[in-house]
Trainee: 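Can you read through this structure? Questions will come right after.
Basis for what follows: all heavy atoms, side chains included, without hydrogens, waters or symmetry-related copies.
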Amino acid sequence: LIFNIYPNPANNNLSIQLNNRNDATVYLKLLNSNGFEILNKQYNNDEIQLDVSNIPSGLYIIQLNDGNTISNKEIIITH
């Protein structure tokens with residue numbers, strides 16, 4: 001599963017562009033630096049808009065799962 005995240009670092013909103021979703025439902029997890037799950041949602045579109053304004057500043061991992069592949073990317077949230 002290939003995806004791009006912008007902006008990174010993020011302030012209030014985060015955009016995730018999926019490049020090869022193939023109409024599969026995508027499960028998104030936001031994990032903090034200790035691996036604790038902060039957010040868990042599912043999407044059926046190629047672009048995800050995520051409001052991170054209520055999430056504390058820090059280093060996080062975005063994990064996307066399309067049922068076949070799990071992909072991770074680090075993001076930084078700053079306020």
Trainee: Do Leu50 and Leu39 have side chains that approach each other closer than 4.5 Å (heavy atoms only, starting at C-beta)?
Mentor: yes
Trainee: Pick from Asn40, Ile70, Asn65: which one makes a side chain to side chain contact (heavy atoms under 4.5 Å, CB included) with Lys29?
Mentor: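 Going through Asn40, Ile70, Asn65 one by one, the side chain to side chain contact (heavy atoms under 4.5 Å, CB included) with Lys29 is satisfied by Asn40 alone.
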Trainee: For residues 55-64, tabulate all N or O donor-acceptor pairs below 3.5 Å that involve a side-chain atom, not counting sequence neighbours.
Mentor:
unit_1	atom_1	unit_2	atom_2	d
Ser57	OG	His79	N	3.1
Tyr60	OH	Pro56	O	2.7
Gln63	NE2	Asn72	OD1	3.2

Trainee: Has Asn8 got a side-chain atom pairing as donor or acceptor with Glu74's backbone, closer than 3.5 angstrom?
Mentor: yes
Trainee: When clusters are formed by joining ILVMFWY residues with side-chain heavy atoms under 4.5 Å apart, either directly or through shared neighbours, do Leu28 and Leu31 land in the same one?
Mentor: no
Trainee: What's the separation between atom NZ in Lys73 and atom CD1 in Ile2, rounded to the nearest 0.5 Å?
Mentor: 8.5 Å
Trainee: What are the two closest non-hydrogen atoms of Ala24 and Asp66, and how far apart are they?
Mentor: CB-O, 3.9 Å
Trainee: I'd like to know if the side chain of Asn34 and the backbone of Phe36 have a donor-acceptor N/O pair within less than 3.5 Å.
Mentor: no
Trainee: According to a hydrophobic-cluster definition based on side-chain heavy atoms being under 4.5 Å apart (Ile, Leu, Val, Met, Phe, Trp, Tyr only), do Ile38 and Ile76 belong together?
Mentor: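 Cluster IDs for Ile38 and Ile76 differ.
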Trainee: Between Leu30 and Lys41, is there a side-chain heavy-atom distance shorter than 4.5 Å?
Mentor: no
Trainee: Dump the intermediate steps for side-chain contact (heavy atoms from CB on, under 4.5 Å) on Val26 and Ile16, then the final yes or no.
Mentor: CA-CA 11 Å; Val26 173; Ile16 302 169; over 6 Å; no
Trainee: Which atoms form the tightest heavy-atom contact between Ile48 and Leu18, and what is the distance?
Mentor: CD1-CD1, 4.3 Å
